[in-house]
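Encoded as structure tokens, the structure appears first; notes follow it.
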Amino acid sequence: MKERLISIENVTFYYTGSRTPALKDVSLSVYRGDFLLVTGPSGCGKSTLCRLLNGLIPHFFSGELRGKVQVLDYDVKSTPTHVLARHVGMVFQNPENQLFLSSVEKEIVFGLENLGLPKKEIKRRLEEVIDLLELNDIRDKPPYELSGGQQQKVAIAAVVAMGPEIMVLDEPTAHLDPLSSKEVLSLVFKLNKELGVTVILVEHRLDMTINRVSKILVMNKGEIILIGEPRDVLNNKHLEELGVNTPKVVKVYNELKEKGIVLSQIPLTPEELASQVKLRRARLIHDVSNRS
């Protein structure tokens with residue numbers, strides 16, 4: 001049985017001065033190795049949920065927090081953020097807000113030096129991350145000279161070097177072009193698959209993620225509306241009403257279904273869709289041949 005790393009029980013949160021809850025009676029469990037995709041319309045509570053996991057709520061964003069939030073063996077309400085930061089890495093939308101030193105290498109070792117690690121261990125982690133994320137060509141460059149995609153990779157590298165069990169990424173591709181987005185997401189998939197890092201990813205571009213995540217969570221008005229395996233969630237006919245951009249392959253699947261062409265299951269990639277259509281066509285030809 002998988003180890004539960006995150007437990008959120010009946011959590012409601014009001015930001016100071018607001019009469020409307022940013023989160024309303026939210027309960028959620030996340031297990032080691034999970035890749036949870038969080039989506040929903042703007043203002044639905046996604047970022048607030050992320051801030052719970054590393055202690056930004058309630059230690060930096062003030063308000064009224066009800067319920068229980070436990071990350072690993074730590075009660076978030078009573079645990080300092082610097083302790084949680086060793087276990088939960090956070091990556092935000094705009095990498096420029098996280099990068100402020102004169103080189104990529106310095107960015108990566110900054111957090112390690114703050115942990116007081118021995119120089120030998122810092123050097124080992126630096127080289128390991130540089131190699132893993134293929135950053136050797138830019139290790140001496142200042143972050144402000146890099147592209148948005150490269151900057152986001154450096155921000156992720158700085159977090160990975162800290163060795164967190166959990167990574168939370170709040171729309172890391174929001175300011176990136178499609179190619180850079182694909183590269184950054186491929187890197188996140190790699191961390192989950194090869195290093196076993198538990199990932200919580202807030203993302204609205206589902207086309208690039210649905211075939212790699214273990215669960216999809218849909219939020220609206222501070223509540224969890226849907227959660228489950230990708231095909232189960234994507235099979236819900238009310239997704240568009242909830243402000244979720246239905247992936248193109250799912251739209252095609254639904255259009256074919258309306259025309260009486262029923263495929264074996266909801267496809268998660270264009271290749272899977274093409275394969276199912278080809279199989280369906282072969283069966284129809286076979287049936288026609290048998291009748292004649």
Is it possible for you to say whether [X] and [Y] belong to one hydrophobic cluster, with membership spreading through side-chain heavy-atom contacts below 4.5 Å?
X      : Y      : value
Ile57  : Val30  : yes
Met162 : Leu169 : yes
Ile8   : Val71  : yes
Leu126 : Leu191 : yes
Leu23  : Ile227 : yes

Please tell me if the side chains of [X] and [Y] come closer than 4.5 Å, counting only heavy atoms from C-beta onward.
X      : Y      : answer
Asn10  : Ser27  : yes
Pro164 : Val159 : yes
Leu226 : Ile216 : no
Thr209 : Phe35  : no
Leu117 : Arg125 : yes
Asn136 : Asp131 : no

Any donor-acceptor N or O pair under 3.5 Å, side chains [X], [Y]:
X      : Y      : value
Glu240 : Thr246 : yes
Asp140 : Ser103 : no
Arg32  : Thr198 : no
Ser62  : Thr16  : yes
Ser180 : Gln152 : no
Gln276 : Ser264 : yes

**Item:** Phe100: hydrophobic cluster co-members (side-chain, 4.5 Å)
**Value:**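 Joined to Phe100, directly or through intermediates: Leu101, Phe110.
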**Message:** Before you tell me yes or no, could you show the steps for Glu255 and Lys259 under salt bridge (Lys or Arg N to Asp or Glu O under 4.0 Å), namely the whole-Å CA-CA distance, both residues' side-chain angles and the distance that decides it to 0.1 Å?
**Reply:** CA-CA 7 Å; Glu255 289 171 3; Lys259 295 176 179 179; 5.9 Å; no
**Request:** Please state whether the rings of Tyr74 and His87 are parallel, tilted or perpendicular, taking 30° and 60° as the class boundaries.
**Result:**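 Tilted.
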**Item:** Verdict with reasoning, Thr20 to Tyr14, per side-chain hydrogen bond (donor to acceptor under 3.5 Å, both in side chains)
**Value:** CA-CA 7 Å; Thr20 303; Tyr14 291 82; over 6 Å; no
**Request:** Starting from the C-alpha separation in whole Å, work towards a yes-or-no answer on salt bridge (Lys or Arg N to Asp or Glu O under 4.0 Å) for Glu121 and Arg124.
**Result:** CA-CA 5 Å; Glu121 175 63 12; Arg124 184 191 70 78; 2.8 Å; yes
**Message:** Tell me if a side-chain donor or acceptor on Arg231 pairs with a main-chain N or O of Ile266 at a distance below 3.5 Å.
**Reply:**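 Between the backbone of Ile266 and the side chain of Arg231 there is a qualifying donor-acceptor contact (under 3.5 Å).
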**Message:** Using modelled atom types and a 3.5 Å cut-off, is there a donor and acceptor pairing between side-chain atoms of Glu145 and backbone atoms of Pro142?
**Reply:**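 Not confirmed, Glu145 side chain does not pair with Pro142 backbone.
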**Prompt:** Quick one: side-chain hydrogen bond (donor to acceptor under 3.5 Å, both in side chains) partners of His204, sequence neighbours excluded?
**Reply:**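 Partners of His204 by the side-chain hydrogen bond (donor to acceptor under 3.5 Å, both in side chains) criterion, ordered by chain and then number, come out as Glu171.
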Which value, rounded to the nearest 0.5 Å, describes the distance between [X] atom [atom1] and [Y] atom [atom2]?
X      : Y      : atom1 : atom2 : answer
Arg205 : Leu185 : CZ    : CG    : 8.0 Å
Met167 : Leu53  : CE    : CG    : 13.0 Å
Cys44  : Leu49  : SG    : CG    : 9.0 Å
Tyr31  : Arg4   : OH    : CZ    : 5.0 Å
Gln150 : Ser147 : CD    : OG    : 3.5 Å
Asn54  : His59  : CG    : NE2   : 9.5 Å

**Asked** Hey, mind stepping through Ile166 and Val197 against side-chain contact (heavy atoms from CB on, under 4.5 Å) and telling me if it holds?
**Response** CA-CA 6 Å; Ile166 301 166; Val197 177; 6.0 Å; no
Other residues, nucleotides, ligands: >12 heavy atoms within 6.0 Å of [X] [atom1]:
X      : atom1 : answer
Glu134 : CD    : no
Lys2   : NZ    : yes
Lys141 : NZ    : no
Asp73  : CG    : no
Lys257 : NZ    : no

**Message:** Going by side chain to side chain contact (heavy atoms under 4.5 Å, CB included), Leu37 matches just one of Leu206, Ile200, Val199. Which one?
**Reply:**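 Testing Leu37 for a side chain to side chain contact (heavy atoms under 4.5 Å, CB included) against Leu206, Ile200, Val199 leaves exactly one candidate, Leu206.
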**Request:** Just do the side-chain contact (heavy atoms from CB on, under 4.5 Å) check on Asp25 and Val11 with the steps written out, would you?
**Result:** CA-CA 5 Å; Asp25 197 27; Val11 165; over 6 Å; no
**Message:** Restricting to non-hydrogen atoms, name the atom on Cys50 and the atom on Val168 that form the minimum distance, rounded to 0.1 Å.
**Reply:**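 Closest approach of Cys50 to Val168: SG-CG1, 3.5 Å.
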**Request:** Please lay out, stage by stage, how Val213 and Leu36 fare under the test side-chain contact (heavy atoms from CB on, under 4.5 Å).
**Result:** CA-CA 6 Å; Val213 304; Leu36 178 66; over 6 Å; no
**Result of checking Glu203, Lys182, Gln93 against Thr173 for side-chain hydrogen bond (donor to acceptor under 3.5 Å, both in side chains)** =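 Between Thr173 and the candidates, side-chain hydrogen bond (donor to acceptor under 3.5 Å, both in side chains) is satisfied uniquely by Glu203.
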**Residues Val252, Val277; criterion side-chain contact (heavy atoms from CB on, under 4.5 Å); working and verdict** = CA-CA 11 Å; Val252 173; Val277 169; over 6 Å; no
